[in-house]
Every structure is written in structure tokens, then in C-alpha cells.
Amino acid sequence: GLSIGDQRKCEKLTLHLYCYPLSLPFHEPVSPLARHYYQIIKRPMDLSTVRVKLQKKNPLHYYTPEEFISDIQLMFLNCAKFNYPDSEVAQAGRSLETYFDEKLQDIYPDKSFTGTTQEYSDYEEIDNETGTVTINGFNWPTEEKEPVKPKKRRRHCANHSHKDHK
């Protein structure tokens, strides 16, 4: 498992993340009711899962700081993949990631942890001709668009137009 020093450092980093004002969406796993989340994100990660894996009695206990950091980075990667870039959650994720990187540098000033998520990231492919991102076979437009729900609007408009034409 982690050395006592690394254990304390990882616990401190986790506590910093929990206390960060924009971290609430990352405290618990994403709800199973979130449409398509578990179809798109194959390796979900959140702070409560990280906390459980920091417990020495847990069979999935971290053995190295790199494993811990990899899970934190996976959480940010999942956030960036699933949420529209200009959404509140995506912005909170980027802000929290910047904060985490700063704290990581403070706590581990002599170490570099770049690229630790490579082995864990979900399959992603960008088609330059169509401008879509394919994540595990699910196409996302790369343009920054808010999700639109035209069905409800159309039904709503259709109902009004029927009333108006009586």
C-alpha cells in the first residue's frame, strides 16, 4: 500500500478537493438516472470512490500516489467527455482540475505526474472531416452547443396552434 507519508498527502489532496467550492458535482457517483452517462463513460470516478480506495482495509487500496492521481485525472477526463464544454459542470471540472494541479505541485514539488491517465481513458476518436468526436461509438459534435430539447417545444407549439385554429 501507500507509505504513511504518501497516504497523508493523498488524503490531504482529497480533502482539498472536497472543500473546493465548485466540487459538489464530484462528491458522489453520477446518478444512474443521468441519461447516457454510463453508456459513454465506461470507467466512472468520483471523490467518494477515491476516499474508499484510500482506506487501507479496502482491497482496491492505492499502492502508489500515481494510482491515486490517475483516478483523480480520470474523474476530470470523464467530466470533459460527457459535459458540453460551456456547461456549468464542465467549467467546474476545469476549475477543480486547475486547483488540483496547483495543490499537487505544492504537496509533491519534486514529482511530475503527467500522462498517468493514458492507460485508463476511454476510447476516443475525432473525425476531422465531419467534426465529430466518437467516444465508444457515440458521436458528439465538437461545436460548443447547448443541448436542445425540440420535442417538448414542438408539442407545446403544436398544441397552441391547434387551439388557435378552432
Correct closest heavy-atom pair for Tyr108 and Asp6 would be OH-OD1, 2.7 Å
For Gln39 and Lys42 the tightest heavy-atom approach is O-NZ, 2.8 Å
- Can you tell if the side chain of Val50 reaches within under 4.5 Å of the side chain of Met75, non-hydrogen atoms only? no
Between Gly1 and His61, the two heavy atoms sitting closest are CA-CD2, 3.8 Å
- Do Lys111 and Pro65 come within less than 4.5 Å of each other through their side chains, counting heavy atoms only? yes
Thr64 meets the side chain to side chain donor-acceptor pair (under 3.5 Å) criterion, sequence neighbours left out, with none
What I'd like to find out is whether the side chain of Ile72 reaches to under 4.5 Å of the side chain of Leu47, using heavy atoms alone.
yes
Spell out, as yes or no, whether a donor-acceptor pair under 3.5 Å connects the side chain of Gln91 to the backbone of Asp86. yes
Could you list the donor-acceptor pairs under 3.5 angstrom formed between side-chain atoms of residues 18-30 and any protein atom two or more places apart in sequence or on another chain?
unit_1: Tyr18; atom_1: OH; unit_2: Ser48; atom_2: N; d: 3.2
unit_1: Tyr20; atom_1: OH; unit_2: Ser95; atom_2: OG; d: 2.6
unit_1: Ser23; atom_1: OG; unit_2: Leu17; atom_2: O; d: 2.8
unit_1: Ser23; atom_1: OG; unit_2: Tyr18; atom_2: O; d: 3.1
unit_1: Ser23; atom_1: OG; unit_2: Tyr20; atom_2: O; d: 2.9
unit_1: Ser23; atom_1: OG; unit_2: His27; atom_2: NE2; d: 2.8
unit_1: His27; atom_1: NE2; unit_2: Tyr18; atom_2: O; d: 3.3

Sorted by chain and residue number, the ring pair (Phe, Tyr, Trp, His ring centres under 6.0 Å) partners of Phe100 (sequence neighbours excluded) come out as none
Whether the Asp101 and Thr98 side chains hold a donor-acceptor pair (N or O, under 3.5 Å, no angle test) is what I'd like checked.
no
In this structure, CZ of Phe68 is separated from CD of Gln73 (nearest 0.5 Å) by 10.0 Å
Nearest heavy-atom approach of Leu60 to Asn58 is N-OD1, 2.6 Å
Interatomic distance, CG@Leu2 vs OH@Tyr62, rounded to 0.5 Å, equals 9.0 Å
Taken in chain and number order and not counting sequence neighbours, the residues that satisfy ring pair (Phe, Tyr, Trp, His ring centres under 6.0 Å) with Tyr63 are none
Pairs of donor and acceptor atoms involving the side chains of residues 7-14, under 3.5 Å and at least two apart or interchain, shall be tabulated with distances.
unit_1: Gln7; atom_1: NE2; unit_2: Glu11; atom_2: OE2; d: 2.7
unit_1: Gln7; atom_1: NE2; unit_2: Leu54; atom_2: O; d: 2.6
unit_1: Thr14; atom_1: OG1; unit_2: Cys10; atom_2: O; d: 2.8

The complete set of salt bridge (Lys or Arg N to Asp or Glu O under 4.0 Å) pairs with one or both residues in residues 47-65, sequence neighbours excluded, reads Lys53-Asp71
